Amino acid sequence: MKEDAPGAVLKRERVRDFILDLVESRRPGDAIPSERSLCARLEVSRPTLRAAVDELVAAGLLVREHGRGMFVAPEKITQELVSGQQSMTAPRASGTWSSRLLEFTTFAAGARVGRKLRMSPAADIVYVARLRLVDGAPMAIEHLHIRADLVPALSAQELEAGDLYEHLREQHGVHVQEAVQAIEPTVVTRAEAELLDVPELSPALLFERLTSDTTGRPVEYVHSVYRGDRYRIVSRLTLDPSATAPPAGQGHHPGIPPGDFAHRETIASSTHGDIQSPQ
């Protein structure tokens, strides 16, 4: 994505969310409207819409059939690696993490994000897109959706410096306690490839996370794309329930900014990420 295209990330994000809402409200095999009708409804160009559709096709959520149109893809097979009754410590990934802000604005949550955050579609959220870097090298693109009523004074400086969850706790009184996170393989789009400095359609990992505070209220919905050539997932399976988890080190949890989670004795997780040397 060219840096002289203001709002491009946000526009694609809103188109993506609209189509995802269509997908999630239908059953596998159901048709979705044509590109032409979606362009007219969303008032976006064909290339903008096609970029969002390409991303969802690559992610396995949509299927294109030549001469017939677009359809909701078959459901993915999901395997839970560890019982919910077990918890394990997720060792942190190494390196010095920093952020570069790509988008920072406030708008109505919309149907899909509103459902995830259990709030009215008309209520405001803070939308943030940022590039995450490790030792100065691009590693991930994060799209954050945070309830605006919880962070009325959130600043760009907080999103670029320090760790976000610590800022939420200390500056806004938001104490996160639990996150439910899904991880699956994907490939990067052209725009993502330019930001991550990798070839288009390179393998990547898609993280989707819903974070709740100490009262169980959802406060943040995030989806992130991590470079597949620099990230891997390793499962630690504990068969003996009496076994103790290894101590957590310093660093960054995959898909989860450091913060309140770092102040707990253990992190409930079935996987951990670790940074590999560039290939």
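If you're wondering where the values come from, they're calculated on a predicted model, not measured in any experiment.
- Here the side chains of V113 and I125 are in contact, with some heavy-atom distance below 4.5 Å.
- Of all non-hydrogen atoms in A111 and P121, the two that sit nearest each other are N-CB, 4.0 Å.
- Cluster annotation: L154 and V176 are assigned to the same hydrophobic cluster (Ile/Leu/Val/Met/Phe/Trp/Tyr, side-chain heavy-atom contacts under 4.5 Å, transitive).
- Note on D21 versus R115: salt bridge recorded, some NZ/NE/NH1/NH2 to OD/OE distance being below 4.0 Å.
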Full working for salt bridge (Lys or Arg N to Asp or Glu O under 4.0 Å) between E208 and R112: CA-CA 14 Å; E208 189 173 25; R112 180 173 180 269; 3.2 Å; yes
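- Minimum heavy-atom separation, A108 to A122: CB-O, 3.9 Å.
- When hydrophobic clusters are built by joining Ile, Leu, Val, Met, Phe, Trp and Tyr residues whose side-chain heavy atoms come closer than 4.5 Å, directly or via intermediates, L22 is grouped together with V44.
- Note on I32: it clusters hydrophobically with L42, by side-chain heavy-atom contacts below 4.5 Å among ILVMFWY residues.
- Side-chain contact check for E184 versus L206: some heavy-atom pair is nearer than 4.5 Å.
- In the model, E142 has no side-chain atom that pairs as donor or acceptor with a side-chain atom of H223 under 3.5 Å.
- S212 contributes atom OG, which lies 6.5 Å from atom CZ of R118 (distance to the nearest 0.5 angstrom).
- Put simply, the side chain of R16 reaches to within 4.5 Å of the side chain of L56, judged on heavy atoms.
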R50 and D54: CA distance, side-chain angles, deciding distance, salt bridge (Lys or Arg N to Asp or Glu O under 4.0 Å) verdict: CA-CA 6 Å; R50 190 159 289 168; D54 287 346; 5.8 Å; no
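- The shortest non-hydrogen separation linking E103 to L10 is OE2-N, 3.4 Å.
- Using a 4.5 Å cut-off on side-chain heavy atoms (C-beta onward), V63 and V57 make no contact.
- Atoms CD and CG, from Q181 and L210 in turn, are 11.0 Å apart once rounded to the nearest 0.5 Å.
- For R147 against P218, the heavy-atom pair with the smallest separation is CD-O, 3.1 Å.
- Contact check for K11 versus T48: side-chain heavy atoms found under the 4.5 Å cut-off.
- With hydrogens and angles left out, the side-chain atoms of E13 and H145 include a donor and acceptor closer than 3.5 Å.
- Between V188 and L196, some side-chain heavy-atom pair lies under the 4.5 Å cut-off.
- A side-chain N or O of Y165 and one of E220 form a donor-acceptor pair less than 3.5 Å apart.
- Cluster membership for L101 and V222, using ILVMFWY side-chain heavy atoms within less than 4.5 angstrom, is shared.
- Looking at every heavy atom in both residues, L38 comes nearest to M70 through CD1-CE, 4.2 Å.
- Between A52 and V15, the closest heavy-atom pair is CB-CG1, 3.6 Å.
- There is a side-chain donor-acceptor pair under 3.5 Å between Y127 and H143.
- Between the side chain of R132 and the backbone N or O of W97 there is no donor-acceptor pair closer than 3.5 Å.
- Figure legend: R14 and F107 shown as a cation-pi pair, the cationic atom lying under 6.0 angstrom from the six-membered ring centre and within 45 degrees of its axis.
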Step-by-step salt bridge (Lys or Arg N to Asp or Glu O under 4.0 Å) determination, E160 to R100: CA-CA 6 Å; E160 290 190 311; R100 176 160 68 85; over 6 Å; no
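- The closest side-chain donor-acceptor pair between Y221 and T211, if any, does not fall under 3.5 angstrom.
- The hydrophobic clustering, which links ILVMFWY residues whose side-chain heavy atoms are closer than 4.5 Å, places V53 and V225 apart.
- Between the CG atom of L159 and the CG atom of L102 there is a distance of 11.0 Å, given to the nearest 0.5 Å.
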